[in-house]
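This one's a predicted model, so the numbers in the text were calculated from it and none came from an experiment. In what follows, chains carry the letters A, B, and so on, assigned in the order in which the sequence lines appear, proteins first and then strands, with residues in each chain numbered from 1.
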Protein chains: 2
Amino acid sequence: MTITEVSKKYNMTQDTLRYYERIGLIPAVNRTKSGMRDYTEESCGWIELAKCMRSAGIPIEALIEYCALTQQGDRTITARKELLVEERTKLLQKMEEMKKTLDKLNYKIDIYEKAEVTGVLSWEKSDRT
Amino acid sequence: MTITEVSKKYNMTQDTLRYYERIGLIPAVNRTKSGMRDYTEESCGWIELAKCMRSAGIPIEALIEYCALTQQGDRTITARKELLVEERTKLLQKMEEMKKTLDKLNYKIDIYEKAEVTGVLSWEKSDRT
DNA sequence: TTAACACATGGAGTCCACTCCATGTCAAGA
DNA sequence: TCTTGACATGGAGTGGACTCCATGTGTTAA
């Protein structure tokens with residue numbers, strides 16, 4: 001696949017695709033004799049993984065590390081697993097933060113909705129923010 | 001409360017506290033006659049809200065807007081509610097993305113754990129990333 | 001009253017993750 | 001063959017969110 005096709009498939013810019021490859025977030029992509037990128041099935045798998053991880057805010061540095069480990073063969077399996085476990089822990093923490101924020105948002109929206117009907121903002125104690 | 005006390009209470013740097021006030025993410029804080037910040041209960045409420053919202057990645061711009069609306073009185077109640085609803089929608093979307101990523105992470109960690117025992121990476125089809 | 005330390009301000013610097021640009025090569029249709 | 005549009009590379013620029021710094025004033029304990 002050409003870079004244009006991949007960028008359409010995953011809805012990512014060509015610049016981002018080249019950037020990810022350049023910094024080693026995905027392994028080097030195959031080239032045609034003339035130097036054009038020719039994405040394989042496996043390249044696409046990496047792109048998809050990168051997109052998924054980045055969409056959840058997993059830092060680029062961790063993904064570069066993971067990609068590097070992968071290219072060192074099966075002896076890095078434990079290291080890779082540990083890296084992923086660590087990122088999972090951080091992700092879970094972020095999700096908890098977001099859940100708290102969601103609750104706060106729901107609470108405030110509820111107060112505002114009531115106020116639209118009654119004309120009165122019924123905040124709890126000193127919570128007039 | 002002094003800025004040092006507030007920064008300890010919320011575990012935020014004084015620089016961040018001043019920064020938030022400077023950009024209007026929280027309303028202007030009271031001052032002593034000599035110009036030192038003197039945080040009230042309500043100021044603290046704003047700090048807490050800012051910290052909570054930012055920890056979930058709500059953009060600073062939206063929070064500045066919300067703060068500005070709040071200072072324009074009750075006639076902005078609907079606008080404030082709509083702003084919060086919009087941010088809630090985005091937050092929910094992010095949480096879904098994260099859930100997908102979490103599933104992927106769990107799947108991969110599982111494969112790596114099995115590989116540590118069996119010595120074989122049992123990826124599905126072309127999913128060797 | 002005088003070190004030593006807290007606080008204030010405005011502006012510069014940093015980090016992350018892209019995104020854009022200049023310049024040059026390659027390819028495919030008129 | 002010529003031209004136009006896709007692709008390549010290296011490097012510069014951008015936006016968001018802080019974080020640091022220089023300089024000046026305030027405060028307080030010995």
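Sequence neighbours left out, the pairs with a member in residues 91-113 of chain B that pass ring-ring contact (aromatic ring centres under 6.0 Å, His included) are B:Tyr112-B:Trp123.
Rounded to a whole Å, the CD1 atom of B:Ile23 is 16 Å from the P atom of D:dG15. Here the P atom of nucleotide C:dA8 and the CD atom of B:Gln14 are 8 Å apart, to the nearest Å. Atom-to-atom, CD of B:Glu5 to C1' of C:dA6 comes out at 12 Å; the value is rounded to the nearest Å. Residue B:Ile3 contributes atom CD1, which lies 17 Å from atom P of D:dG26 at whole-angstrom precision. D:dG16 atom P lies 16 Å from atom CD1 of B:Ile58, rounded to whole Å. When rounded to the nearest whole Å, the span between CG of A:Asp15 and C1' of C:dT19 equals 6 Å. Here the P atom of nucleotide D:dC18 and the CG atom of B:Asn11 are 14 Å apart, to the nearest Å. Rounding to whole angstrom units, CE of residue B:Met12 and P of D:dC18 are separated by 8 Å.
Atom CD1 of B:Ile23 is separated from atom CD1 of B:Ile64 by 4.0 Å, given to the nearest 0.5 angstrom.
Taking 4.0 angstrom as the limit, B:Arg18 places a side-chain polar atom (N or O) nearer than this to OP1 or OP2 of C:dA8. Taking 4.0 angstrom as the limit, A:Tyr20 places none of its side-chain polar atoms (N or O) nearer than this to OP1 or OP2 of C:dA17.
When distances run from any side-chain atom of A:Tyr19 to the nucleotides D:dG16, C:dG10, C:dA17, the shortest one goes to C:dA17. For A:Thr16, taking side-chain heavy atoms from C-beta onward, the closest of the listed nucleotides C:dC18, C:dA8, D:dC18 is C:dC18. Listed nucleotides: D:dG16, D:dC18, D:dA8. Nearest to the side chain of B:Glu61: D:dG16.
Legend: residues meeting side chain to side chain contact (heavy atoms under 4.5 Å, CB included) with A:Gln14, ordered by chain and number and at least two apart, are A:Ile3, A:Thr4, A:Ser7, A:Arg18. With sequence neighbours left out, the side chain to side chain contact (heavy atoms under 4.5 Å, CB included) criterion links A:Lys100 to A:Glu97. A search for side chain to side chain contact (heavy atoms under 4.5 Å, CB included) contacts involving B:Glu5 returns B:Met1, B:Thr2, not counting sequence neighbours. Judged as a side chain to side chain donor-acceptor pair (under 3.5 Å), and not counting sequence neighbours, the contacts of A:Lys81 are B:Glu116.
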Would you mind writing out the side-chain donor-acceptor pairs for residues 43-54 of chain B within the sub-3.5 Å range, not counting sequence neighbours?
from: B:Ser43; atom 1: OG; to: B:Thr40; atom 2: N; distance (Å): 3.3
from: B:Ser43; atom 1: OG; to: B:Thr40; atom 2: OG1; distance (Å): 3.1
from: B:Lys51; atom 1: NZ; to: B:Tyr10; atom 2: O; distance (Å): 2.6
from: B:Arg54; atom 1: NH1; to: B:Ile58; atom 2: O; distance (Å): 2.6

Show me the donor-acceptor pairs within less than 3.5 Å that the side chains of residues 24-35 of chain B make with the rest of the protein, sequence neighbours left out.
from: B:Arg31; atom 1: NE; to: B:Val29; atom 2: O; distance (Å): 3.4
from: B:Arg31; atom 1: NH1; to: B:Gly35; atom 2: O; distance (Å): 3.0
from: B:Arg31; atom 1: NH2; to: B:Glu21; atom 2: OE2; distance (Å): 3.4
from: B:Thr32; atom 1: OG1; to: B:Ser34; atom 2: N; distance (Å): 3.4
from: B:Thr32; atom 1: OG1; to: B:Ser34; atom 2: OG; distance (Å): 3.1
from: B:Thr32; atom 1: OG1; to: B:Met36; atom 2: N; distance (Å): 3.2

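Take the nearest nucleotide of DNA chain C for B:Thr2 and for B:Arg22: the residue whose nucleotide is more 5' is B:Thr2.
Annotation: proximity of residues 86-100 of chain A to DNA chain C (heavy atom, distance under 4.0 Å) is found for no residue. Sorted by residue number, the members of residues 30-39 of chain A with any non-hydrogen atom under 4.0 Å from DNA chain C read A:Ser34, A:Met36.
Side-chain atoms of A:Thr16 do not come within 3.5 Å of backbone N or O of A:Met12 as any donor-acceptor pair.
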